[in-house]
Asker: 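Sending over a structure as structure tokens; questions will come in a sec.
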Number of protein chains: 2
Amino acid sequence: MAPEKRAHILRAARELGYRPNVMARAVATRRSNVVGLILFNETNRHHPGVLLALSQAFSLIGVRVMLFLLEDVDEIGAVIDHILSYQLDGVIAAAPIPQEDLDHLAAAQVPLLFYNRPGEDGVASVSCDHYASGVLIARHVLASGARRIALIRSYAEAFVGNERMRGVEEELARNGANVVAEFRGDFDYDRGVAAVLDWAARGIDDYEAIIAANDMMAIGAKDALVHKLGKRVPQDVAVAGFDGVEASRWLSHSIASVDQPIEHMAKAAVDMMALRIENQHLPAERRLFPGRLQHGSSVAD
Amino acid sequence: MAPEKRAHILRAARELGYRPNVMARAVATRRSNVVGLILFNETNRHHPGVLLALSQAFSLIGVRVMLFLLEDVDEIGAVIDHILSYQLDGVIAAAPIPQEDLDHLAAAQVPLLFYNRPGEDGVASVSCDHYASGVLIARHVLASGARRIALIRSYAEAFVGNERMRGVEEELARNGANVVAEFRGDFDYDRGVAAVLDWAARGIDDYEAIIAANDMMAIGAKDALVHKLGKRVPQDVAVAGFDGVEASRWLSHSIASVDQPIEHMAKAAVDMMALRIENQHLPAERRLFPGRLQHGSSVAD
DNA sequence: CTGAAAGCGCTTACAG
DNA sequence: CTGAAAGCGCTTACAG
């Protein structure tokens, strides 16, 4: 049938309520036009923009997103099983995938792309350069004059948090600054508060700046400093975080931070995925995007 | 084949990398085990818990969620088209659906459930009782002694915001309190700030309390009061909002608010949807959940 | 260009 | 209980 004739008929049929069955098309063509997105719930809470940017960018090329929201790492196996069963065209994972499941995906020829997890070997990825962001914020804090630094880390398995803190620590060391206190958090506000209270309880009060693995903990720390210890920020203690979340730009919480270029990253992820769906054998390229320093009154300029 | 034998074989096959093709099953059984979720991006930003609660509750009954994230109302038609094409088992809409599209869904026998939109006629829904929540917060503010009230509304089409404010206004009127200032916001922090600055610019400064259509605007208003006008909250002005967002419980922002019982609502939505997928002809029941008052230092107890 | 057949990977009656 | 056939709604190669 001539293309325009076909289009005309489809349009007419559509008026009458007919829609071609995409599922049937999917089994016929072995192409579902759906990709899976594996995301920790925590990631979505702290970066709601990621889901939006990805789903919009995919939507532009006619691809839908099936969302797999994880509470815990141990759900990943089951999720991969689902993905394999749904014959999705590809998977974007903002979570670690066990080797066994990587093998399953590879065997099923499902292209995989890591988001903010550049470390995994042999798998394509798009990420923010978290190490460089750590260096950036450390330099900014050092420029304000602080030399005695307290760190609020994320938990040990958090790749992004670890990279950020590795960048921070190495830059501090290169400049002869000292880490005088440390605390392990979980990216939540409460743990930022807990860090400051913990140090206070242990008599540690000689830090000139706090660098937290993300903004939420930085804000918690700042709130504890101000509202619990009666300190001034940044005069007594400077505070810095990562992500440039909305609250870090409020009148009440101007936090120095490093922002991720989420839209560019999402665009890159969608482009890469689209290419990989067409051609399974592309090299495992890794695209790294620099973070952007966001000034804030929590660190003196 | 005997069930246990079948299970055994499937397990063995699975080891070798075989997974039954769910899409093929979907076309054969005309049941995809996927429901569509139509959500405004704004809703997800302000209530990330909704997406999580729904996707988890569905996951427990083996149903996956295909997410349709909207930036704008005018995308709904296209989204409904997609949903019809994917032969989804049902749709949960936290957005208004034009009558025409309601008809299309009905013609295709796709069960529909509104989330936080109880008003639509003839369609099942689960919602928080926003009107009652408005009454609740108004009563709380009145109890603190305030009688001259300023309101920060949402935009005119926002159902939830309108219901909240309707409850607020009627309860204020019943108690002889006056609305001395109004501002139309959009649920964002910035508009809360803008409201207070706008009133100040126009010389309006005799309000004793601000009630905003959500917490973000309430926090913005409070920040503007404190950081721009040098007022004290709640001594000079009380501030209240809705949703009980995380930031409303920070040390820096203890905001009186009314919380939605999201987990219960999600559970109810999933139950209702599951029943309606089995039986198309259930009555258009509407389930209403009461909000919960959250105290905060922004309104004196 | 057109139309009928075969095939995608499953399920579901139905005959044996 | 078992196995082969028909069917779900599409696409794709193939004969006319």
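Below, read A as the first sequence line, B as the second, and so on, with proteins coming before strands; counting in each chain starts at 1. These numbers come from a predicted model, not from an experiment.
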Asker: Could you tell me which residues satisfy side chain to side chain donor-acceptor pair (under 3.5 Å) with B:Glu163, sequence neighbours excluded, listed by chain and number?
Answerer: B:Arg166
Asker: Specify the separation, in whole Å, of atom CZ of A:Arg19 and atom C1' of D:dG9.
Answerer: 16 Å
Asker: Would you confirm whether B:Asp101, through its side chain, and B:Ile80, through its main-chain N or O, come within 3.5 Å as a donor-acceptor pair?
Answerer: no
Asker: Dot-bracket, 5' to 3', for DNA chain C please: Watson-Crick or G-U pairs under 3.5 Å, [ ] where pairs cross earlier ones, | where the partner sits on another strand, dots elsewhere.
Answerer: |||.||||||||.|||
Asker: Search all heavy atoms of B:Cys128 against all heavy atoms of B:Pro290 and return the closest pair with its distance.
Answerer: SG-C, 4.3 Å
Asker: Roughly how many Å is it from CE in A:Met23 to C1' in C:dG9, rounded to a whole number?
Answerer: 14 Å
Asker: Nearest whole Å is fine: how far is C:dG9 C1' from B:Asn21 CG?
Answerer: 6 Å
Asker: Using the side-chain contact (heavy atoms from CB on, under 4.5 Å) criterion, which residues pair with A:Ala57? Sequence neighbours excluded.
Answerer: A:Val270
Asker: In whole Å, what is the span from the CZ atom of A:Arg31 to the C1' atom of D:dC10?
Answerer: 16 Å
Asker: Going by atom types only, do B:Gln260 and B:Asn116 share a side-chain donor-acceptor pair under 3.5 Å?
Answerer: yes
Asker: By ring pair (Phe, Tyr, Trp, His ring centres under 6.0 Å), which residues pair with A:Phe58, not counting sequence neighbours?
Answerer: none
Asker: Using atom OH of B:Tyr86 as one end and atom P of D:dC10 as the other, report the distance to the nearest whole Å.
Answerer: 14 Å
Asker: Enumerate the protein-to-nucleotides 6-8 of chain D contacts in which both atoms are nitrogen or oxygen and the separation is below 3.5 Å.
Answerer:
residue: D:dC8; atom: O3'; partner: B:Arg30; partner atom: NE; Å: 3.3
residue: D:dC8; atom: O2; partner: B:Ala28; partner atom: N; Å: 3.3

Asker: Assign the ring pair A:His82 / A:Phe68 to parallel, tilted or perpendicular, where the plane angle (0 to 90°) is split at 30° and 60°.
Answerer: tilted
Asker: Mind checking what makes side chain to side chain donor-acceptor pair (under 3.5 Å) contact with A:Tyr189, not counting sequence neighbours?
Answerer: A:Asp223
